[in-house]
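Read the structure below first, then the notes.
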4 protein chains.
Amino acid sequence: MRLDAGCQIFFEATTPTPVVFMLRPRSGYGQWIIREEYLLQPSVPVVEYTDSYGNLCQRLVVPPGSFQVHTAAMVETADTIDVDTTASYVPVEQLPEQVLQFLLPSRYCESDKLGSLALDIVGEATPGYAQVEAIRQWIQSNVTYEYGTSNASTSAADTAKSKIGVCRDFTHLGMALCRSLNIPARMVVGYLYQLEPMDLHAWFEAYVGDRWYTFDATQVEPKGNRVTIAYGRDAADVALSTQFGAMQLLEMKVWVNAKSV
Amino acid sequence: MRLDAGCQIFFEATTPTPVVFMLRPRSGYGQWIIREEYLLQPSVPVVEYTDSYGNLCQRLVVPPGSFQVHTAAMVETADTIDVDTTASYVPVEQLPEQVLQFLLPSRYCESDKLGSLALDIVGEATPGYAQVEAIRQWIQSNVTYEYGTSNASTSAADTAKSKIGVCRDFTHLGMALCRSLNIPARMVVGYLYQLEPMDLHAWFEAYVGDRWYTFDATQVEPKGNRVTIAYGRDAADVALSTQFGAMQLLEMKVWVNAKSV
Amino acid sequence: MRLDAGCQIFFEATTPTPVVFMLRPRSGYGQWIIREEYLLQPSVPVVEYTDSYGNLCQRLVVPPGSFQVHTAAMVETADTIDVDTTASYVPVEQLPEQVLQFLLPSRYCESDKLGSLALDIVGEATPGYAQVEAIRQWIQSNVTYEYGTSNASTSAADTAKSKIGVCRDFTHLGMALCRSLNIPARMVVGYLYQLEPMDLHAWFEAYVGDRWYTFDATQVEPKGNRVTIAYGRDAADVALSTQFGAMQLLEMKVWVNAKSV
Amino acid sequence: MRLDAGCQIFFEATTPTPVVFMLRPRSGYGQWIIREEYLLQPSVPVVEYTDSYGNLCQRLVVPPGSFQVHTAAMVETADTIDVDTTASYVPVEQLPEQVLQFLLPSRYCESDKLGSLALDIVGEATPGYAQVEAIRQWIQSNVTYEYGTSNASTSAADTAKSKIGVCRDFTHLGMALCRSLNIPARMVVGYLYQLEPMDLHAWFEAYVGDRWYTFDATQVEPKGNRVTIAYGRDAADVALSTQFGAMQLLEMKVWVNAKSV
């Protein structure tokens, strides 16, 4: 489906505040950026670079006062995500080198602490896709989605206890559980068509059956029409905005509309 | 200045033809992509990846029949290029590692063969920027710009003899002469505002005074308002279209317009 | 000083166990590997690759039974580490791109939780080297060095409370405190001449005054003659051995001897 | 087989001469460095870095006077090279991204000029391994191996005419012919056990049947026990010594001995 996805973010800074934004999607496997735009108001110098995961990052200093970011893209996306319940576990020694880093614990995914929970959840599921799906369903059924219950320090171990959170927390927990079973998992941030309520979104991918598969613990059913903005180990890597100083996010508007072709 | 730069290319293939395009500019030092679009007709699957220089490359297979590429960008560019006639030669041992590769000879820049010509041209010029500028002016004065006089196999050594060619040949010769003096030089392809006649363009950058400076041997005066699409060692690396099979380029339209802000 | 540094590690596996070792130092800024050796007993196939930080990683599957790794290097090292108490804080917007990742929180460095402790510790110290040195001294004075008091899940926030640990914990705490002040910090694992008791070691580097400086909170005085094996964000990245399965480390011998030149 | 391979090179410089050496083999697919050493006399500061192909490069400035490099490695190598005459041509659109660059022409491999010669040579051979082997055999039969007949500017197109040269020229010609058929080819420099006469050596690899295969046009039969030092597009990339200034290579000793295990 062809989507028009974008967001408008309103900031207020009291002092010059360095930030790194990740708000520009790239064409890649599964999505093609037909058109995109990126506007800053007031206009300031920006440097764009690629991080070690290949994400486009925009560095700039937000000046004191009101500041506005507008970014939008028309993207050709896949209507469905691939599902293969028979995709099998890939033994660590057969994983591609660049995938290995997604086995490690990270700031918000203390996989070293969640091994026994993971074993409980997956039970007799066949190693691989079926295990990840069991984890996804367990989170979907057992964790309550509610805004304002978690914050920027909430980690997978926290969510495993509190059983409440938002998409970011669902994702961290799913990844930490996968990694504790030696299944590589990486975080994705982006847009999802018909997300309710509309917002920027996060989900994860797990590496089984020799490729990455998409999993979203916030959704009941597999849903396609996703626009990937960035990949990383967890929210520390792929924050849409990483700011170094006091700056207020006043308001954010997000939209994802179907385009008739 | 804010520019609207773009091109439309019409191909005709008789068999499915794999190609790699480099037609999507990236925001970076000196330019900010405000808006861009990239359309293929008919629509085909594309994979976009980053080459070892950081350029965005689009891989696809052109189907038999007519095929059209349309790409355009609104870009904030600098009105002038930096000029510093006192920027000095950087001894090889002080060059950054990633710059070293631009000292080596390459397919179209046989710097190993042009050392004595380079010494003749630079004469008593101070090592560094002044030498590169002497080379640039020598090419500007001594090589005739004429379409149809060179082809895809023409190299700097060829142009040093024939003294005729197009922007690509001027650039290769400039780079080969710089490298023969141990001055790193890299090729840039992109758009230049008010280029006459309008076309996709090529120029080069030389590393002196601890940074890259822009040089364009096709122009009499230093001119800003350039949009960089790709960097590389020479035209083998940064062809806007590298095709693997028989495909005809029927027509190409290129435009660079000033936008009133 | 020319050092002979090495280690011998004895493992016992009951099932084939995939591992990634980081046990081969590389020549780099500040150290030159004159001679090195790396032996596995029994001999098994190994693949060596470079991770995203540039560290050499050795992948293999440890077979069931006894397994022994022997690695040693003769290295030319610097007798002292650079100290510059006037090196100043680098504003985030002036940091090189590849340094930015070392500002982020990571598995064992929850810098997002330690900001007020860091501010208490640095007090009126001048932003930059002096702050990092205040942090280093505070850890040196307030955290007790004792084996067996921490484990593979212990993080900087844990150590800030327990005030006890080993070199790994001292390092994590130092880095988390630096990052909470927007000073980039990275972990180093390697050898230190005359370390008491001798062992593989960990310390950190902080980026101030436009370069990396070495800090070691386990030592009273600045000490040189270090051999770097690997760099990373924290112990998740630079474990000398990351194993995926049950394998016992039975014994480890480490030596660092001065060579008379 | 376990090999002891090494070389000793004697230089004489009149002025300080920056150089980049590639003389340190790395463990990788197919070889494991058990022990290695690298000595410079007199001792000078060296920086080691990794180029864009992953080769280890040693940067230093050779001081005026006599200078000596000694490098040696004990390496576990494969006794045979893989041969698969049925390995088939990989269509360009199915090649991995990082392999694409080895399709391009380069300084010493003007594949753009050698297409019709390649077609003549391969005749009716099945696309893929069989074509590369036809090219290898044609060179083996038609090009005379003789020292002193070529120089640092000799390219594949030159050798296609002169039909005389050394291992470097054989390799360049083989690669240029492969690339003209859209078969990726890369240069390897290293050691070959029982090479006659003993010297540092060069050969090439071609990408067919979804992997790299080894080809050596200087040898009558496929021969294993090779130690790879560096990979690249051609000799411009993988010169064992790239010097920037006047420095004499006075003498070079090379040895490759079998070790009894």
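Residue numbers start from 1 in every chain, and the chains themselves are labelled A, B, ... in the order their sequence lines are given, proteins ahead of strands.
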*Under 4.5 Å heavy-atom distance to chain D, tell me which part of V47(B) shows up: side chain, backbone, both or neither.*
side chain
_Top of C57(D), A152(D), P105(D) for chain B proximity - count of heavy-atom pairs under 4.5 angstrom_ = P105(D)
*Considering only heavy atoms and a distance below 4.5 Å, find which of V19(B), L103(B), V20(B) pairs most often with chain D.*
L103(B)
*So which residues of residues 230-245 of chain D are in contact with chain B at a heavy-atom cut-off of under 4.5 Å?*
R233(D), A236(D), D237(D), T242(D), F244(D)
*Return the minimal non-hydrogen interatomic distance between P96(B) and R59(D), and the atom names on each side.*
C-NH1, 4.1 Å
*Side chain, backbone, both or neither of V61(B) within contact of chain D (heavy atoms, under 4.5 Å)*: side chain
*Selection from P18(B), C109(B), P16(B), P91(B) maximising heavy-atom pairs under 4.5 Å formed with chain D*: P18(B)
*Assess whether atom CD of Q248(D) is packed by more than 12 heavy atoms of other residues, nucleotides or ligands within 6.0 Å.*
no
*For S153(B), is it the side chain, the backbone, both or neither that has a heavy atom under 4.5 Å from a heavy atom of chain D?*
both
*Kindly indicate whether the side chain of T50(D), heavy atoms from C-beta on, has any atom under 4.5 Å from the side chain of E97(B).*
no
*Can you find a heavy atom in the side chain of S52(D) that is under 4.5 Å from one in the side chain of Y53(B)?*
no
*Which value, rounded to the nearest 0.5 Å, describes the distance between S155(B) atom OG and D112(D) atom CG?*
9.5 Å
*Could you please state which residues from residues 181-188 of chain D sit under 4.5 angstrom from chain B, measuring non-hydrogen atom to non-hydrogen atom, sorted by number, or 'none'?*
N182(D)
*asked:* Distance check, rounded to the nearest 0.5 Å: D51(B) atom CG versus Q101(D) atom CD?
replied: 8.5 Å
*Pick one of side chain, backbone, both or neither for L60(B), based on which atoms fall under 4.5 Å of a heavy atom in chain D.*
neither
